[in-house]
Amino acid sequence: LFYSYYSMYGHVEKLAREIKRGADTVEGVEVKLFQVAETLPDEVLAKMYAPPKPADIPLITPNQLVEADGLIFGMPTRFGMMPTQLKTLFDATGRLWQTGALVGKPVGMFTSTSGQGSGHETTALTAVTQFAHHGMIIVPVGYTFGEGMYVLDEIKGGSAYGAGTFTGRDGSRQPSDLELGHAFHQGKYLAGIFKKFKLGGSVA
């Protein structure tokens, strides 16, 4: 399983690591974590006070997407949509689309946004268009997180599409224990689903 993400300030990275931790609990599943390449120049990132990218997580290439039995993509919101960095990755998959290399491959997603109403679901929906054109099978987490989906006495990101976190306008808010719990659950849940797809053989 390949879990790929783009993270400017580290919030999505934290969710990604927790999702991997959950997936690692599923027997017989090998999980690899990748980051999506940055498209902004260093001087712009410096002005935005973005921290350095982690050195222990390799960059994903379009052709590597074919190697995975299942994929999950993490992304922050950019004006209610998936960010340019992840869109750039998919813009480079034209050959994979032509050959149907990703058809029938299960895929999930998780997100971050600055505040409530700022894009957890719209960001997921804009990602759906990429997956649909490739003929991938979208696997949402639904409401399988149980009561954690209905908590009202604290702020919680995410949706039925996948785990999520709120960052605050200045990026100072970090994922809460509840949000990290949702991420752990999604990793475990999707890894189990992806394993069933693998054991059942290709649907293409």
Side-chain angles (χ1 to χ4, degrees), residues 1-24 29-79 81-94 96 101-102 105-114 119-120 123-124 126-128 130-131 134 136 138-139 141 157-158 161-167 171 173-175 179-180 182-184 186-188 190-191 194:
L1 306 180
F2 284 8
Y3 287 9
S4 303
Y5 72 91
Y6 170 73
S7 185
M8 178 175 285
Y9 295 105
H11 299 82
V12 176
E13 178 196 338
K14 288 183 178 179
L15 292 180
R17 291 183 184 274
E18 197 65 15
I19 284 175
K20 181 182 184 302
R21 202 170 72 85
D24 283 337
V29 172
E30 179 185 2
V31 183
K32 294 183 179 180
L33 191 60
F34 294 89
Q35 54 183 322
V36 173
E38 183 60 80
T39 60
L40 294 174
D42 291 340
E43 56 267 28
V44 173
L45 293 171
K47 291 178 180 179
M48 297 177 73
Y49 303 103
K53 299 293 191 291
D56 63 322
I57 302 177
L59 296 178
I60 190 77
T61 64
N63 287 336
Q64 284 178 300
L65 301 177
V66 181
E67 302 171 12
D69 295 317
L71 295 158
I72 182 168
F73 293 95
M75 65 203 83
T77 292
R78 293 293 181 266
F79 300 106
M81 301 176 66
M82 69 187 309
T84 296
Q85 291 80 0
L86 193 56
K87 183 64 166 59
T88 298
L89 173 68
F90 276 96
D91 283 348
T93 60
L96 302 183
L102 300 180
K105 196 177 293 292
V107 61
M109 67 201 92
F110 57 102
T111 59
S112 74
T113 71
S114 61
H120 277 301
T123 302
T126 59
V128 162
Q130 317 298 311
F131 307 149
H134 275 288
M136 303 173 79
I138 300 161
V139 184
V141 72
Y161 295 95
T165 187
F166 290 116
T167 67
R173 183 184 184 274
Q174 296 300 310
E179 291 168 335
L180 292 173
H182 193 183
F184 181 93
Q186 184 178 9
K188 182 177 181 179
L190 262 65
F194 292 175

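Atoms considered below: every heavy atom in the structure, side chains included; atoms not considered: hydrogens, waters and symmetry mates. As the structure is a prediction and not an experimental result, all values here were calculated from the model.
Distance alone, capped at 3.5 Å, is enough to place a donor-acceptor pair between the Gln35 side chain and the Pro54 backbone. Between the side chain of Lys105 and the backbone N or O of Ala68, at least one donor-acceptor pair lies under 3.5 Å. His11 places a side-chain N or O within 3.5 Å of a backbone atom of Gly171 that can act as its donor or acceptor partner. Of the possible polar contacts, one joining the Gln186 side chain to the Met109 backbone as a donor-acceptor pair under 3.5 Å is found.
No close placement of the Tyr6 and Phe73 rings is indicated, their centers lying 6.0 Å or farther apart.
Taking OG of Ser114 as the reference point, atom CZ of Arg173 lies at 11.5 Å (rounded to 0.5 Å). The line from OG1 of Thr123 to CG of Leu86 is 10.5 Å long, rounded to the nearest 0.5 Å.
Residue Val141 comes nearest to His182 through the heavy atom pair CG1-NE2, 3.8 Å, listed as atom of the first residue, atom of the second, then distance. The minimum heavy-atom distance between Val66 and Leu96, with the atom names listed, is CG2-CD2, 3.5 Å. For the pair Leu190 and Gly108, the tightest heavy-atom approach, listed with the atom from each and the gap, is CD2-CA, 3.8 Å. Of all heavy-atom pairs spanning Pro106 and Val139, the tightest one is CB-CG2, 4.0 Å.
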Discussion item. side-chain hydrogen bond (donor to acceptor under 3.5 Å, both in side chains) for Thr167 and Ser112? Distances and angles first, verdict last.
Written reply: CA-CA 7 Å; Thr167 67; Ser112 74; 5.8 Å; no
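The existence of a salt bridge linking Lys14 and Glu18 is excluded, since no basic side-chain nitrogen approaches an acidic carboxylate oxygen closer than 4.0 Å.
Glu30 pairs by the side-chain contact (heavy atoms from CB on, under 4.5 Å) definition with Lys32, not counting sequence neighbours. By the side-chain contact (heavy atoms from CB on, under 4.5 Å) test, Met48 pairs with Met8, Tyr9, Leu40, Val44, sequence neighbours left out.
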